[in-house]
Peer 1: 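Below you will find the structure I want to go over with you.
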Amino acid sequence: MADEPPLLTGGLTERSYELLVRAVVDYAIYMLDPQGRIVTWNSGAERIKGYLAEEVIGRHLEIFFPAEDRQQGKAQHLIATALREGRAQDEGWRVRKDGTRFWALTVLDAIHDDNGCLIGLAKITRDMTERHEAQLRMDEVRAQLFQAQKMEALGQLTGGMAHDFNNLLTVILGATDLALRSDKPERIRSLLDNIHTAGIRGRELTHHLLTFARRRGLESQQLDLVPVLEAASTLFGQALPKGVILETVMASTPHPVCVDPNQLEMALLNLIFNARDALEQGGHIVLQAENRYLHGEWENLEGEFVLISVSDDGPGITPDVQARIFEPFFTTKQFGKGTGLGLSQVYGFARNANGSIRVESEPGKGTRMTLYLPAAI
Ligand SMILES: Nc1ncnc2c1ncn2[C@@H]1O[C@H](COP(=O)(O)OP(=O)(O)O)[C@@H](O)[C@H]1O
Ligand SMILES: [Mg+2]
């Protein structure tokens with residue numbers, strides 16, 4: 001202890017402290033009086049906002065806000081919050097002296113003297129424009145990537161669907177032919193039943209496909225899982241080759257969840273199509289949903305969850321491949337067959353939803369992928 005240098009602040013006089021604050025250039029640091037008028041100004045404030053000290057001292061904080069925020073009294077609102085709660089934070093657009101905008105991260109702290117009397121407010125602002133723009137570009141790229149994945153998925157779905165429709169039309173045409181040649185009311189009735197069933201299946205398929213194709217925008221909402229899982233099972237089930245059977249198991253009604261339906265559907269598609277690709281020789285896929293109360297047994301998750309799993313009885317995943325499957329662009333499939341983006345979408349979706357994805361796989365026995373989603377109850 002005795003050898004440690006004295007703390008820096010211990011040796012700082014009030015004057016040197018003031019000089020230090022004034023010299024900081026990456027942050028605007030200044031004081032406001034309790035009414036919100038500017039009292040001090042540092043180099044960072046000058047650099048970020050473009051005003052010299054003599055141009056702003058005495059003026060109200062609201063001069064930095066865009067017109068729409070000024071009309072809504074945003075500056076006054078922040079000051080009131082800081083006075084009431086001791087602190088107010090905000091993130092949003094601000095205006096420089098030359099009229100250009102920057103994205104600011106701000107903290108406003110109420111400052112009291114030793115006797116507890118309010119002296120004023122300390123304001124710290126950071127210019128986050130670059131990071132904000134990088135984030136926006138990232139969101140845009142992510143949305144484009146999602147759209148590209150979706151177009152690819154739609155291609156696969158419609159390919160299978162043309163085949164399915166052909167089968168439905170064969171049923172309808174065959175049954176109409178027979179009905180036209182029959183004069184037995186009972187026989188005609190049973191043929192009409194067949195035609196009706198085929199028609200309903202066709203309608204369901206197009207309905208699910210159109211819903212899947214039309215969904216836009218990435219937004220979470222409270223979601224009833226039953227229709228989503230049923231639609232996934234009908235729509236993705238029809239795109240499977242002959243020897244692959246998809247079975248859906250819902251032991252009890254799953255709790256609702258709060259997720260983006262677009263992303264959830266895509267995650268289910270990615271999991272089911274991975275199982276399909278693993279089942280080159282044919283086999284079974286089981287889509288299952290169940291409610292489970294977690295006590296931290298998986299990734300420290302706690303509370304009420306819905307577990308949605310996709311299992312297959314394919315060849316499984318070896319440990320060295322398993323270590324990499326969530327990496328973007330990692331694929332073991334031939335060029336043109338895999339992009340390596342499926343599981344990275346599933347992973348991102350699960351994380352965004354404050355849940356998780358779990359892989360259980362044994363070479364030779366098959367694979368189970370389980371989505372853990374927090375119940376919205
Ligand atoms: N059910 C599964 N059975 C066996 N291997 C799987 C399964 N799901 C995923 N994989 C492995 O994980 C890899 C990455 O999957 P994914 O990210 O969906 O990309 P892609 O399907 O385009 O290859 C696959 O190439 C495959 O090796
Ligand atoms: Mg895939």
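A quick note: this is a predicted structure, and the numbers were derived from the prediction, not measured.
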Peer 1: Any non-hydrogen side-chain atom of P374 less than 4.5 Å from a side-chain atom of N354?
Peer 2: yes
Peer 1: Which residues pass the side chain to side chain contact (heavy atoms under 4.5 Å, CB included) test with A376, not counting sequence neighbours?
Peer 2: Q222, C258
Peer 1: My understanding is that a hydrophobic cluster links ILVMFWY residues whose side chain heavy atoms are under 4.5 Å apart, including indirect links. Using that, what else belongs to the cluster containing I63?
Peer 2: Y30, L32, I38, W41, Y51, V56, I57, L61, F64, F65, L78, I79, L83, L108, L118, L121
Peer 1: Linking I/L/V/M/F/W/Y whenever their side-chain heavy atoms sit closer than 4.5 Å, directly or via other members, would M369 and L279 fall into one cluster?
Peer 2: yes
Peer 1: Any heavy-atom pair between the side chains of L373 and F305 that's under 4.5 Å?
Peer 2: no
Peer 1: Show, in sequence, the C-alpha distance, side-chain angles and deciding distance for D127 and R131, and conclude whether the salt bridge (charged side-chain N to carboxylate O under 4.0 Å, His left out) test is met.
Peer 2: CA-CA 9 Å; D127 182 350; R131 197 188 296 181; over 6 Å; no
Peer 1: Can you sort out the partners of S182 under side chain to side chain contact (heavy atoms under 4.5 Å, CB included), two or more places apart, ordered by chain and number?
Peer 2: K184, R187, I188
Peer 1: Is the shortest side-chain heavy-atom distance between W298 and L307 below 4.5 Å?
Peer 2: no
Peer 1: In terms of hydrophobic clustering (I, L, V, M, F, W, Y; side-chain heavy atoms under 4.5 Å; direct or indirect links), are L240 and M266 co-clustered?
Peer 2: yes
Peer 1: For a quick test of your reading: what N or O donor-acceptor pairs under 3.5 Å do the side chains of residues 146-156 make, sequence neighbours left out?
Peer 2:
unit_1	atom_1	unit_2	atom_2	d
Q149	NE2	L341	O	3.4
K150	NZ	F212	O	2.8
K150	NZ	R215	O	2.9
K150	NZ	N262	OD1	3.0
E152	OE2	Q156	NE2	3.1
Q156	OE1	R276	NH1	2.9
Q156	OE1	R276	NH2	3.0

Peer 1: Output the distance between atom CE (M250) and atom CG (L229), rounded to the nearest 0.5 Å.
Peer 2: 5.0 Å
Peer 1: With salt bridge (charged side-chain N to carboxylate O under 4.0 Å, His left out) as the criterion, how do R368 and E360 come out once you've worked through the C-alpha distance, each side chain's angles and the decisive distance to 0.1 Å?
Peer 2: CA-CA 5 Å; R368 178 162 66 204; E360 293 159 284; 3.2 Å; yes
Peer 1: Which ILVMFWY residues can you reach from L191 by hopping between side chains whose heavy atoms are under 4.5 Å apart?
Peer 2: L178
Peer 1: Count I, L, V, M, F, W, Y as connected when their side-chain heavy atoms are under 4.5 Å apart, and connections chain through other members. Are L271 and I245 then in the same cluster?
Peer 2: no
Peer 1: Applying ring-ring contact (aromatic ring centres under 6.0 Å, His included), name anything that partners H132, two or more places apart in sequence or on another chain.
Peer 2: W93, W103
Peer 1: For a 4.5 angstrom cut-off between non-hydrogen side-chain atoms, does H255 reach E304?
Peer 2: yes
Peer 1: How about L264 and L225: do any of their side-chain heavy atoms sit closer than 4.5 Å?
Peer 2: yes
Peer 1: Any heavy-atom pair between the side chains of Q238 and L157 that's under 4.5 Å?
Peer 2: yes
Peer 1: In Å and rounded to the nearest 0.5 Å, what is the CG to OG1 distance from D312 to T367?
Peer 2: 4.5 Å
Peer 1: May I ask you to test the D277-K337 pair for a side-chain heavy-atom distance under 4.5 Å?
Peer 2: no
Peer 1: Can you find a pair of side-chain heavy atoms, one from F329 and one from T339, that are under 4.5 Å apart?
Peer 2: no
Peer 1: Counting the benzene-type ring for Trp, do F165 and H163 have ring centres under 6.0 Å apart?
Peer 2: no
Peer 1: Applying salt bridge (charged side-chain N to carboxylate O under 4.0 Å, His left out), run through R292 and E290 and close with a yes or a no.
Peer 2: CA-CA 6 Å; R292 174 99 49 95; E290 58 172 307; 3.5 Å; yes
